[in-house]
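Presented below is the structure to which this report refers.
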Amino acid sequence: WVLGIKVTRDRAARKIILSQSLYVKDLVQKFAGHLTDITRRFDTPLSDSIVYDTSQCPAPESPEANEMTSYHAHYMSIIGALHWLLCTRVDLTYTVSVLSRFVNNPGMLHYKALQRVLAYLSSTSDMSLTLQATTGTPRGLDLYSDASWDSKFSTSGSLIQYNGAPVVWYSRLQRSVVHSTAEAEYVAASLACREGLFICELLEDLGQKTPKPIPLYLDCKSAIDMAFDPVAFKKTKHILREAFYLRDLVAREIFKPSHVPSRLQKADIFTKPLPRPLFVPARDSLLTATDENESPQ
């Protein structure tokens, strides 16, 4: 056990399994008395038919604000607990990112969404993150980057794999307002490269050389074209720093943007709430990641 994470090593199968099932069960039991939907079963942690935003937060001194006073402390406690759960539960990344945005003033709709998350955890408490040892030639790093352009600020999502195993994943709001899907994807790719460069240098400090250029998988061909175009100033002058940064890394052959079909974009689960037919296979693929999961080249 390491900081509440159960580490199981299967030497024969060359696997390491990371589990927080005990932490999940304690969390659900702790807040079960405050939640009305805890007995329901959900296959996804967040509804794909509801868009959560600040317009659903209660106005000061309103009846809903007074009602939410008694739930506010529970909301903050659960959000804080879920952040630690992201160490192994890759499938909660987008959900926790969204619901954390309303921690200062959650509405009843946000609180019900949190109830759904705990109900989802109650039925999936035994899920764990499985890492498989490399068979054959090590692949090194693979970066997957995606973005959703559905609000004022787009959402960036990224997955970094090392020899087929997930080592970094996140879902974040972009700080720049962009004008197209291509620009949202480009900004997301720039952020992913920053994370990827840190992991690359960390591995080199540990004596693990990373083959270059490192694959950067995007499902937007326009964003890939922008990464290779050194003179597309008019199209990217409002996101100039991200544009220069990514083009510099590509020109130095540290990263190589490549197109991947949307169905193979592993970072898609970090950018939007997916319906069940898409979410479940994506979740299972990430949680049971092995070296046999081939890169989309």
Side-chain angles (χ1 to χ4, degrees), residues 24 27-28 31-32 34-60 62-83 85-86 89-124 127 146-158 169-174 177-178 181 184-185 188 262-263 265 267-284 286:
V24 171
L27 175 64
V28 172
F31 292 100
H34 303 284
L35 305 174
T36 58
D37 290 341
I38 197 64
T39 58
R40 293 186 59 185
R41 180 182 178 86
F42 295 97
D43 293 322
T44 61
L46 202 64
S47 172
D48 62 309
S49 61
I50 302 176
V51 178
Y52 298 94
D53 54 39
T54 54
S55 65
Q56 297 148 354
C57 296
S62 65
E64 185 182 1
N66 295 331
E67 181 184 7
M68 285 302 300
T69 301
S70 58
Y71 299 114
H72 195 183
H74 297 148
Y75 190 96
M76 291 190 294
S77 297
I78 297 172
I79 288 294
L82 291 177
H83 272 281
L85 194 55
L86 297 182
R89 292 300 297 268
V90 185
D91 51 323
L92 296 177
T93 305
Y94 175 77
T95 300
V96 175
S97 174
V98 170
L99 297 182
S100 296
R101 301 168 192 172
F102 315 107
V103 71
N104 288 329
N105 185 27
M108 184 55 67
L109 191 63
H110 306 138
Y111 189 66
K112 289 182 177 180
L114 206 56
Q115 292 180 356
R116 174 178 176 138
V117 175
L118 290 185
Y120 168 77
L121 285 174
S122 179
S123 60
T124 61
M127 286 188 174
D146 198 14
S148 64
W149 188 53
D150 57 357
S151 60
K152 178 181 178 181
F153 294 99
S154 302
T155 300
S156 297
S158 181
W169 53 88
Y170 62 80
S171 176
R172 300 173 187 168
L173 271 183
Q174 296 182 4
V177 178
V178 295
T181 299
E185 297 267 3
S262 296
R263 61 183 177 83
Q265 176 54 269
D268 190 40
I269 195 174
F270 306 129
T271 64
K272 63 179 77 70
L274 298 178
R276 184 190 181 281
L278 297 178
F279 177 84
V280 172
R283 175 198 66 192
D284 295 345
L286 292 174

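A quick note: this is a predicted structure, and the numbers were derived from the prediction, not measured. When reading the values below, keep in mind they use all heavy atoms of this one structure, side chains included, and skip hydrogens, waters and symmetry mates.
- In this model, a donor atom of one side chain and an acceptor atom of the other lie less than 3.5 Å apart for Arg89 and Thr124.
- Leu274 is not listed as a side-chain neighbour of Thr44, based on a closest heavy-atom distance of 4.5 Å or more.
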*In sequence, state the C-alpha distance, the side-chain angles, and the governing distance for Asp91 and Leu286, and then conclude on side-chain contact (heavy atoms from CB on, under 4.5 Å).*
CA-CA 8 Å; Asp91 51 323; Leu286 292 174; over 6 Å; no

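- To the nearest 0.5 Å, the span separating CG on Leu109 from OH on Tyr52 amounts to 5.0 Å.
- When all heavy atoms of Val117 and Pro45 are compared, the pair lying nearest together is CG2-O, 3.5 Å.
- Closest heavy-atom contact between Asp146 and Lys272: OD2-NZ, 4.2 Å.
- Side-chain contact between Glu185 and Ser154: absent, with no pair of heavy atoms (C-beta onward) separated by less than 4.5 Å.
- The minimum heavy-atom distance between Tyr94 and Phe270, with the atom names listed, is CD1-O, 3.4 Å.
- The shortest non-hydrogen separation linking Gln174 to Ala188 is NE2-N, 3.7 Å.
- Side chain of Thr271 to backbone of Gly157: no donor-acceptor contact under 3.5 angstrom is found.
- Between atom CG of residue Leu278 and atom CZ of residue Arg263 there is a gap of 12.5 Å, rounded to the nearest 0.5 Å.
- No donor-acceptor pair closer than 3.5 Å links the side chain of His83 to the backbone N or O of Ile78.
- Side-chain contact between Arg101 and Thr54 is absent, with no heavy atoms from C-beta onward closer than 4.5 Å.
- Of the possible donor and acceptor atoms, none in the side chain of Glu64 sits under 3.5 Å from a partner among the backbone N and O of Gly107.
- In this structure, Leu82 and Leu99 have side chains that are not in contact, with every pair of non-hydrogen atoms separated by 4.5 Å or more.
- In this structure, OH on Tyr170 lies 11.5 Å from OG on Ser97, to the nearest 0.5 angstrom.
- Between Leu86 and Leu92 the shortest side-chain heavy-atom distance falls below 4.5 Å.
- Side chain to side chain, Ser158 and Arg172 fail the donor-acceptor criterion of an N or O pair below 3.5 Å.
- Taking 4.5 Å as the limit, some side-chain heavy atom of Thr155 sits within range of a side-chain heavy atom of Ser171.
- Here the closest heavy-atom approach between residue Ser62 and residue Ala59 is recorded as OG-O, 2.6 Å.
- In terms of heavy atoms, Pro106 sits closest to Pro58 at O-CD, 3.4 Å.
- Side-chain contact between Tyr120 and Thr95 is absent, with no heavy atoms from C-beta onward closer than 4.5 Å.
- In this structure the side chain of Leu114 reaches within 4.5 angstrom of the side chain of Tyr75, judged on heavy atoms.
- Within the 3.5 Å criterion, the main-chain N or O of His110 finds no donor-acceptor partner in the side chain of Gln56.
- Without hydrogens or angle criteria, Arg276 side chain to Phe42 main chain gives no donor-acceptor distance under 3.5 Å.
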